[in-house]
Amino acid sequence: MEDCEWVLVKEPTDRDIWNPSLKNAEESWWSLEIRFGDPAKHWTDALPIGNGRLGAMVWGGVSSEILNLNEDTLWTGNPGDYTNPEAPKSLAEVRKLVDNGQYAEATEAAVKLSDNSPEVYQLLGDIKLEFDDSHGTFQEEKYERVLDLDTATVKVNYSVGDLEFAREYFASNPDQVIAAKLSANKPGCLTFTLSVDSKMHHHTYVSGHNQITMEGSCPGKRKTPKVDANDNPKGIQFAAILDLQINEGSGTIHVLDNRRFCVEQCDWAIILLVASSSFNGPFTKPLSKSSNSAASESGTVLTADRVKSFKTDEDPSLVELLFQYGQYLLIACSRPGTQPANLQGIWNYMLEPPWDCTPHLNINLQMNYWHALSCNLKECQEPLFDYITSLSINGSKTAKVGLLSKCLIYEQNHLQIEVRLSGLCGKWAERGFAPIYGSITLIQWTK
């Protein structure tokens with residue numbers, strides 16, 4: 001310890017850390033709410049809702065609102081044989097390089113273990129709300145965007161002059177629907193346009209009474225640069241139906257371009273969205289069509305301010321809020337009968353998300369479910385165990401072809417249960433771990 005500098009740890013002061021000084025609004029402080037004082041500027045700032053299968057990220061924009069939508073079975077690819085007969089030869093080369101401590105060379109050689117790109121989690125689309133220009137003059141000091149963990153509801157409130165606008169969003173598991181309600185404090189003051197869109201191959205049209213239907217499909221294989229879209233076979237298909245309801249007696253709904261609604265001078269509006277896909281299990285090709293089932297002026301304290309003050313002003317209620325938020329996210333993305341929580345739970349807005357959104361076996365998938373039993377959420381684990389059972393089937397095939405042995409080798413990629421040998425990556429190879437594309441393979445070395 002001669003070379004180390006000693007640090008004096010001072011005794012706690014008389015300040016009561018269980019009563020943080022920042023707490024100036026008793027009720028809002030201890031409520032289980034994640035609170036923001038402005039609209040989201042980035043996707044990671046949006047607030048998540050989900051029912052295990054359907055998910056949405058709520059941005060809370062004023063003049064323009066976006067809900068990024070997800071359905072947990074939308075992935076690229078189709079079921080197939082992903083074994084590589086040349087893997088044993090490549091693996092022997094990799095092992096020799098690892099034994100010689102040539103880890104960089106082993107990483108290069110490991111590319112030969114798999115000649116296919118892994119599949120990737122896809123998005124469903126976006127609900128878009130556009131309001132008139134007057135909403136751009138909202139009173140910033142009265143704006144609030146809140147995720148209430150007690151009710152699993154996102155609320156957005158703001159004022160324009162003497163008008164007060166409110167939006168509420170939640171995802172129902174029993175009804176398998178994402179719901180939103182828009183309202184104002186005075187009658188006839190709600191005017192907006194409503195549409196649903198997607199980055200996926202799709203088309204939308206007005207159908208039935210006050211409904212918009214969106215139908216589309218995922219790529220049958222992961223797109224690579226400079227590949228003609230016509231060369232990409234059709235994969236999982238999907239459909240979503242958006243239903244619009246407004247109060248009776250006032251307000252009108254106009255159809256624009258047979259794709260959008262224009263709502264004028266209503267008191268309130270309710271938006272419901274259902275969605276389904278043609279996914280028909282991990283070992284069968286998708287069906288031909290998707291299934292028919294479908295701190296502000298008010299004295300409140302913003303969550304961001306509570307996080308900043310935590311360094312100097314410990315707040316046990318913030319720890320509780322974080323803990324409860326973890327429970328909320330698991331409930332929102334993993335329920336009996338759904339897919340397991342992927343790398344981003346259920347939420348994604350990109351065609352090429354980081355690490356493909358796959359439920360990686362090195363540590364990430366386990367971390368998603370660490371708190372399931374300790375929080376009495378054992379039913380949320382059911383998708384995980386269903387997934388493990390499916391992995392064991394194709395995993396044994398991969399092991400037999402790739403290693404000429406009976407041990408199980410896993411690199412999972414998506415819900416079609418694509419299991420293949422992974423490449424090796426630097427020093428990880430020294431321990432027998434082989435992560436690539438964020439997944440992991442445990443190789444039992446044999447001489």
Side-chain angles (χ1 to χ4, degrees), residues 49 51 53-59 61-71 73-74 122-133 135 156 165 167-172 175-184 187-218 229 234 236-278 287-294 349 351:
I49 56 175
N51 62 15
R53 186 178 65 86
L54 295 174
M57 294 290 279
V58 182
W59 288 64
V62 176
S63 297
S64 177
E65 170 69 293
I66 295 179
L67 274 70
N68 302 132
L69 305 171
N70 291 103
E71 203 274 355
T73 63
L74 298 187
Q122 300 289 274
L123 49 86
L124 173 60
D126 301 321
I127 293 176
K128 296 183 178 180
L129 295 160
E130 299 287 343
F131 299 87
D132 58 56
D133 294 338
H135 287 250
V156 177
F165 295 92
R167 306 175 196 162
E168 298 176 74
Y169 308 89
F170 69 93
S172 168
D175 296 308
Q176 288 296 300
V177 65
I178 290 177
K181 181 178 181 180
L182 288 66
S183 61
C189 294
L190 196 57
T191 298
F192 61 92
T193 60
L194 171 66
S195 63
V196 60
D197 200 1
S198 179
K199 297 177 184 177
M200 308 288 285
H201 175 73
H202 76 286
H203 68 284
T204 59
Y205 55 92
V206 172
S207 61
H209 180 64
N210 296 349
Q211 291 186 343
I212 301 175
T213 297
M214 178 174 68
E215 297 176 342
S217 63
C218 301
K234 183 180 292 186
I236 294 175
Q237 300 177 65
F238 61 85
I241 298 177
L242 185 149
D243 181 84
L244 173 64
Q245 305 170 21
I246 65 172
N247 59 284
E248 296 181 357
S250 65
T252 57
I253 300 177
H254 305 285
V255 177
L256 304 177
D257 307 324
N258 198 37
R259 297 177 56 190
R260 299 177 294 152
F261 289 135
C262 177
V263 181
E264 293 183 336
Q265 298 179 340
C266 68
D267 301 344
W268 54 261
I270 293 177
I271 301 168
L272 303 175
L273 182 125
V274 296
S276 64
S277 80
S278 61
L287 300 172
S288 59
K289 292 185 177 181
S290 59
S291 62
N292 293 325
S293 64
Y349 72 110
L351 295 176

(request) Give a yes or no on this: more than 12 heavy atoms of other residues, nucleotides or ligands lie within 6.0 Å of atom NE2 of His202. (result)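 Correct, the count exceeds 12.
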(message) Within a 6.0 Å radius of atom CG on Asp133, are there more than 12 heavy atoms belonging to other residues, nucleotides or ligands?
(response)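 Open.
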(message) Under a 3.5 Å cutoff, is there a donor and acceptor pairing between the side chains of Glu130 and Ser64?
(response)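 A donor-acceptor contact under 3.5 Å links the two side chains.
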(message) My understanding is that only one of Leu182, Ile66, Val263 makes a side chain to side chain contact (heavy atoms under 4.5 Å, CB included) with Leu129; could you say which?
(response)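 That would be Leu182; it is the only one of Leu182, Ile66, Val263 passing the side chain to side chain contact (heavy atoms under 4.5 Å, CB included) with Leu129.
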As an exercise, state the distance from [atom1] of [X] to [atom2] of [Y], rounded to the nearest 0.5 Å.
X      : Y      : atom1 : atom2 : answer
Phe192 : Leu244 : CZ    : CG    : 5.5 Å
Phe261 : Leu256 : CZ    : CG    : 9.5 Å
Leu54  : Asn70  : CG    : CG    : 9.0 Å
Tyr169 : Lys181 : OH    : NZ    : 13.5 Å
Leu69  : Ile127 : CG    : CD1   : 4.5 Å
Leu124 : Leu273 : CG    : CG    : 7.0 Å

Looking at side-chain heavy atoms only, is the closest gap between [X] and [Y] below 4.5 Å?
X      : Y      : answer
Leu272 : Ile270 : yes
Phe238 : Gln122 : no
Ser183 : Leu190 : no
Asn51  : Gln176 : yes

Donor-acceptor pair, side chain of [X] and main chain of [Y], under 3.5 angstrom:
X      : Y      : result
Asp267 : Gly188 : yes
Arg53  : Ala275 : yes
Gln211 : Leu242 : no
Lys199 : Tyr349 : yes
Thr191 : Gln265 : yes
Ser277 : Leu74  : no

Over all atoms of both residues, closest heavy-atom pair of [X] and [Y]:
X      : Y      : value
Ala269 : Ile246 : CB-CG2, 4.0 Å
Ile49  : Ala171 : CD1-N, 4.2 Å
Glu65  : Val58  : OE2-CG1, 3.7 Å
Trp268 : Gln245 : CZ3-O, 4.0 Å
Asp197 : Arg259 : OD1-NH2, 4.4 Å
Ala239 : Glu215 : CB-CG, 4.2 Å

(message) Quick check on the 6.0 Å ring-centre criterion: do Phe165 and His135 meet it?
(response)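 Ring centroids of Phe165 and His135 are less than 6.0 Å from each other.
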(message) Test of understanding: with ring-ring contact (aromatic ring centres under 6.0 Å, His included), list the residues that count as partners of His254, not counting sequence neighbours.
(response)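 For His254, no residue satisfies ring-ring contact (aromatic ring centres under 6.0 Å, His included) once neighbours in sequence are set aside.
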